[in-house]
2 protein chains.
Amino acid sequence: MFRALADATRRDIVRRTLRAEATVSELAGSYDMSFAAVQKHVAVLEEAGLVSKRPRGRERIVRGNPEAIRRAQSLLDQFEEIWRARIDRLDALLDADTPNNAKER
Amino acid sequence: MFRALADATRRDIVRRTLRAEATVSELAGSYDMSFAAVQKHVAVLEEAGLVSKRPRGRERIVRGNPEAIRRAQSLLDQFEEIWRARIDRLDALLDADTPNNAKER
DNA sequence: AGTTTGTACAACCATTTGGTTGTACGTTAT
DNA sequence: ATAACGTACAACCAAATGGTTGTACAAACT
């Protein structure tokens, strides 16, 4: 999933389809590459769950999936939390080392 | 930067060094690959700003950078916000379509 | 002084990635 | 019915990626 977000074109497709739905060919029109290339990007994003496609006649409507974004966020939140835990441990160490008559900062 | 986070080993290095500092060889001991491979991963992470290195004698101490994590988070937050804006626009449309005597949900 | 340790980096290799063109096929328009 | 359109997918290609081994070098140990 981070792998899917690693490409600038794909991030832009996510942004665009999060803002408003678009067909694959509409998307393809926005980028300076072949239709097939864009279609592959969309496939990668769909694989990663960042985007979903639904058919309307011969076209496929692409829609960004906010749920997947939230999953990525929660992963980063975990990182944040791990780091905070380390800071807490350091604080505890410092506290244990602080004389009783020390002033609170 | 998402590219740097796209590899599982690298994500683990970030986690580990966010929790506590570690030398490159300590890290290398944790993974089933050559020292050089791990060293390259650390280099990629450093390039992306996700990790910083400082020398202590002949070793290099690696530390995860919470600031970079926050930058990634804020990027995902932007996605979230874009999506919310779309929902707001849809709501506005529905409101405009709602007869005056309709009940509030 | 000589050896070991920790790191960096080059050269190499297989696989993956991001792109291309061409083909096929169902859907819509004439 | 035929043509045009939107999409999917295969085959191909160059470049990037993730790994390897080997070499070099400074710092630390004996």
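Convention: sequence-line order gives letters A, B, ...; per-chain numbering from 1.
Going from atom CZ of Arg54(A) over to atom P of dT7(D) covers 13 Å, rounded to whole Å. For the pair Asp7(B) CG and dA16(D) P, the interatomic distance rounds to 18 Å; values are reported in whole Å. In this entry the distance linking NE2 of His41(A) with P of dT7(D) reads 16 Å, nearest Å. Taking atom CE of Met33(A) as the reference point, atom P of dT20(C) lies 7 Å away to the nearest angstrom. Note: CG (Leu27(A)) to C1' (dT7(D)) measures 13 Å, nearest angstrom. Glu47(B) places its CD atom 15 Å from the C1' atom of dC9(C), with the value rounded to the nearest Å. One atom, CD of Glu26(A), and another, P of dG6(D), lie 9 Å apart when rounded to the nearest Å. One can place OH of Tyr31(B) at 14 Å from P of dT20(D), the figure rounded to the nearest angstrom.
Using a 4.0 Å cut-off between charged nitrogen and carboxylate oxygen, Glu26(A) and Arg16(A) do not count as a salt-bridge pair. Ion pairing between a basic and an acidic side chain is recognised when a charged N comes within 4.0 Å of a carboxylate O; Glu59(B) and Arg56(B) show such pairing.
Considering only side-chain N and O atoms, Thr9(B) lies nowhere under 4.0 angstrom from the phosphate OP1 or OP2 of dG18(D). An OP1 or OP2 oxygen of dT7(D) is reached within less than 4.0 angstrom by no side-chain nitrogen or oxygen of Lys40(A). In terms of phosphate contacts, Arg3(B) brings a side-chain nitrogen or oxygen within less than 4.0 Å of OP1 or OP2 of dG18(C). Residue Arg60(A) places no side-chain N or O under 4.0 Å from the OP1 or OP2 atom of dG6(D). In this structure, Arg10(A) reaches the dG18(C) phosphate: one of its side-chain N or O atoms is under 4.0 Å from OP1 or OP2.
Residue Glu59(B) places its side chain closer to dT7(C) than to any other of dT7(D), dG19(D), dT7(C). Picking from dT7(D), dG18(D), dG22(D) the nucleotide with the shortest atom distance to the side chain of Ala36(B) gives dG22(D). With distances taken from any side-chain atom of Gln39(B) to the nucleotides dC9(C), dT7(D), dG19(C), the minimum falls on dC9(C).
Side-chain atoms of Asn65(B) come within 3.5 Å of backbone N or O of Gly49(B) as a donor-acceptor pair. Between the side chain of Arg86(B) and the main chain of Leu18(A), a donor-acceptor pair closer than 3.5 Å is present. Of the possible donor and acceptor atoms, one in the side chain of Arg11(B) sits under 3.5 Å from a partner among the backbone N and O of Leu5(B).
Screening residues 32-45 of chain A for side chain to side chain donor-acceptor pair (under 3.5 Å) gives Arg10(A)-His41(A) as the qualifying pairs, with residues at least two apart or on separate chains.
For the pair Ser34(A) and Ile61(B), both in contact range of DNA chain C, the more 5′-proximal nearest nucleotide belongs to Ile61(B).
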N/O to N/O distances under 3.5 Å, protein versus nucleotides 28-30 of chain D:
from	atom 1	to	atom 2	distance (Å)
dA28(D)	O4'	Arg58(B)	NH1	3.3

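Surrounding CZ of Arg63(A) are at most 12 heavy atoms belonging to other residues, nucleotides or ligands under 6.0 Å away.
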